[in-house]
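Below you'll find the structure, written out as structure tokens, and then a few comments.
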Protein chains: 2
Amino acid sequence: MGITRYSFLLNVTYISNPFIPQAMKRDLLLYLAKRGLFEEINSTTASVSKALKTSQQTVSRWLRILADQGLIELETTNTGFSTTLTPKAIGSLQDGLAELKDILQPKTEVKGKVVSGVGEGRYYVERYMDRLEKAFGFKPYPGTLNLKIDMPRLRMFCMNERMVRVQGFKKEGREFGALDGMHAQLGNVKGAILFPKRTSHPEDIIEFIAPNNLRRQLKLKDNSEVKLR
Amino acid sequence: MGITRYSFLLNVTYISNPFIPQAMKRDLLLYLAKRGLFEEINSTTASVSKALKTSQQTVSRWLRILADQGLIELETTNTGFSTTLTPKAIGSLQDGLAELKDILQPKTEVKGKVVSGVGEGRYYVERYMDRLEKAFGFKPYPGTLNLKIDMPRLRMFCMNERMVRVQGFKKEGREFGALDGMHAQLGNVKGAILFPKRTSHPEDIIEFIAPNNLRRQLKLKDNSEVKLR
DNA sequence: ATTACTAGCAAGCGAGTAT
DNA sequence: TATACTCGCTTGCTAGTAA
């Protein structure tokens with residue numbers, strides 16, 4: 001699942017399921033992992049129970065369960081306990097990480113369709129021009145390409161890219177609000193997506209800016225399909 | 001924690017705790033997230049219960065609990081249910097991801113101390129020379145720098161780097177075993193760590209190879225402290 | 001001090017079934 | 001068919017306390 005393991009170092013042979021069986025014990029495992037993935041952890045059931053907001057007895061029981069499941073090596077003395085995570089536990093955490101990564105950071109390609117704007121794109125790009133150039137590193141063609149986008153996928157896309165903020169300003173006696181955008185590539189053309197604060201568009205339409213006139217350069221018409229990266 | 005959120009897109013205002021409260025429900029949340037982070041999920045409690053190996057009634061109860069906690073929007077009909085994750089749920093998953101990343105992929109710097117080898121490094125580097133050059137992209141100085149390493153941190157380091165395998169071979173009437181290694185930098189010198197299959201070293205000593213004689217180049221003596229990256 | 005057993009109690013599960 | 005309520009039973013918790 002994208003995570004390489006070095007079995008000769010970790011001595012991992014087989015890892016059963018992505019998350020550890022009974023779920024509350026998982027919190028204890030995470031707590032221990034935080035204290036030291038490969039190191040010996042010395043503590044007491046009382047202090048752990050405080051951290052995990054449960055009872056001393058429960059921590060004691062959980063520790064023994066984790067040990068029974070082969071997730072930790074456990075030694076208890078009359079001054080506390082001492083434990084280390086086993087390769088199985090580390091593998092289990094890695095699987096959990098891989099699973100979450102898989103869910104949260106997938107495919108960064110978004111399909112869109114060219115639509116007609118109401119023509120105000122040009123006006124705004126001209127007003128924001130200097131600031132856009134500074135923010136995105138290119139002088140945008142004065143006009144925007146309006147794209148109808150599959151919103152769920154755009155959200156995914158956004159989660160993996162850095163947002164760029166363009167501060168608002170006053171000019172010609174009126175206020176221009178802040179706007180957020182992010183670098184993106186339409187086909188092979190590097191440009192940026194803009195998310196104006198207030199917009200007259202329906203929610204699933206975004207504006208794309210680029211150094212050149214994209215409709216001409218890429219021979220785009222309304223309903224042309226494009227891919228954002 | 002390293003994950004940027006775009007509140008204007010996700011409408012996240014405050015996210016309470018990294019993992020969702022009662023832990024078994026977490027499995028359901030993950031299941032739903034896999035089916036679609038931002039999309040509407042249509043299913044039935046019976047089919048989900050099969051996937052999660054629990055009862056139909058339990059899935060029904062869990063769904064209502066997740067909805068009560070504001071983690072999902074839930075609508076039930078007499079043909080099944082329909083749900084979407086809320087920003088709070090996505091934030092919760094992101095926190096979980098960040099937490100695991102934090103635990104499993106931290107600091108990739110390892111301190112080590114120069115120690116004396118038994119002198120066999122030169123012999124082996126000379127025998128493996130061509131293969132090492134092919135594997136790592138540089139012609140190693142015929143000799144190894146032996147480093148005493150903090151093993152837990154080395155394991156961490158290994159988890160984030162790609163392992164390179166050098167196949168074994170026969171030469172001069174004897175067998176030379178396969179060995180694993182990985183690219184690493186000692187100070188500013190690019191080289192590689194070697195993990196021979198069988199070694200006469202204690203477990204916390206590794207061998208470092210580089211294009212030049214490091215002891216001379218970096219004026220290293222026994223007990224000199226070095227940093228691996 | 002500790003860990004951890006016992007026992008009584010609370011929470012959670014799921015078969016039956018209402019809606 | 002669905003969802004979801006009831007209720008008997010199991011699982012798991014924690015106070016008391018032994019070791």
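Labels below follow one simple rule: chain letters A, B, ... track the order of the sequence lines, proteins then strands, and each chain is numbered from 1. Since the structure is predicted, the reported quantities are computational estimates derived from the model, not experimental observations.
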Checklist entry - Are the charged groups of Glu109(A) and Arg153(A) less than 4.0 angstrom apart, N to O? => result no
Got a list of protein N/O to nucleotides 15-19 of chain C N/O distances below 3.5 Å?
from	atom 1	to	atom 2	distance (Å)
dA15(C)	N7	Gln57(B)	NE2	2.5
dG16(C)	O6	Gln57(B)	NE2	2.9

Checklist outcome for this item: When rounded to whole Å, the CH2 to C1' distance for the pair Trp62(A) and dT3(C) reads 17 Å
Next on the checklist: Just the rounded figure in Å: distance from P of dC5(C) to CD1 of Ile65(A).
Outcome noted: 12 Å
Next on the checklist: Taking 4.0 Å as the cut-off, does a side-chain nitrogen or oxygen of Thr58(B) come that near to OP1 or OP2 on dG14(C)?
Outcome noted: yes
Checklist entry - Does Thr45(A) make a side-chain N or O approach to OP1 or OP2 of dT3(C) shorter than 4.0 Å? => result yes
Checklist entry - Sequence neighbours excluded, which residues qualify as side chain to side chain donor-acceptor pair (under 3.5 Å) partners of Arg35(B)? => result Tyr31(B)
Item to check | Contact summary for Arg26(A) and Leu100(B), nearest pair of heavy atoms | outcome: NH2-CD1, 4.3 Å
Checklist entry - Rounded to the Å, how far apart are Leu52(B) CG and dG12(C) P? => result 17 Å
Pull out every protein N or O sitting under 3.5 Å from an N or O of nucleotides 7-9 of chain C, one pair per line with the distance.
none

Item to check | Residue Ser60(A), side-chain atoms from C-beta onward, closest of dA4(D), dT14(D), dT3(C) | outcome: dT3(C)
Checklist entry - Should we say atom CG of Asn188(B) is surrounded by more than 12 heavy atoms from elsewhere, each under 6.0 Å from it? => result no
Item to check | Residue Asn78(B), side-chain atoms from C-beta onward, closest of dA4(C), dT14(D), dT1(D) | outcome: dT1(D)
Next on the checklist: With a 4.0 Å limit, can you tell me whether Thr76(A) has a side-chain N or O closer than that to the phosphate oxygens OP1/OP2 of dA4(C)?
Outcome noted: yes
Checklist outcome for this item: From the candidates dT3(C), dA4(D), dT14(D), the one with an atom nearest any side-chain atom of Arg64(B) is dA4(D)
Next on the checklist: Within the structure provided, determine whether Tyr128(B) and Leu194(B) are in side-chain contact (heavy-atom separation under 4.5 Å).
Outcome noted: no
Next on the checklist: Taking side-chain contact (heavy atoms from CB on, under 4.5 Å) as the criterion, tell me which of Leu37(B), Leu97(B), Leu32(B), Ile90(B) meets it with Ile103(A).
Outcome noted: Leu37(B)
Checklist entry - Taking CG from Leu63(B) and C1' from dC5(D), how many angstroms apart are they, rounded to a whole number? => result 16 Å
Item to check | Interatomic distance, Asp27(A) CG vs dG12(D) P [rounded to whole Å] | outcome: 15 Å
Item to check | Spacing between Glu75(A) atom CD and dA4(C) atom P, to the nearest angstrom | outcome: 12 Å
Checklist entry - Should we say atom CD of Glu39(B) is surrounded by more than 12 heavy atoms from elsewhere, each under 6.0 Å from it? => result yes
Item to check | Heavy-atom pair with the smallest gap, counting every atom of Leu29(B) and Leu93(B) | outcome: CD2-CD2, 4.4 Å
Item to check | Presence of salt bridge, Arg155(B) and Asp150(B), under 4.0 angstrom | outcome: no
Checklist entry - Please give, in whole Å, the distance from dA4(D) P to Leu74(B) CG? => result 7 Å
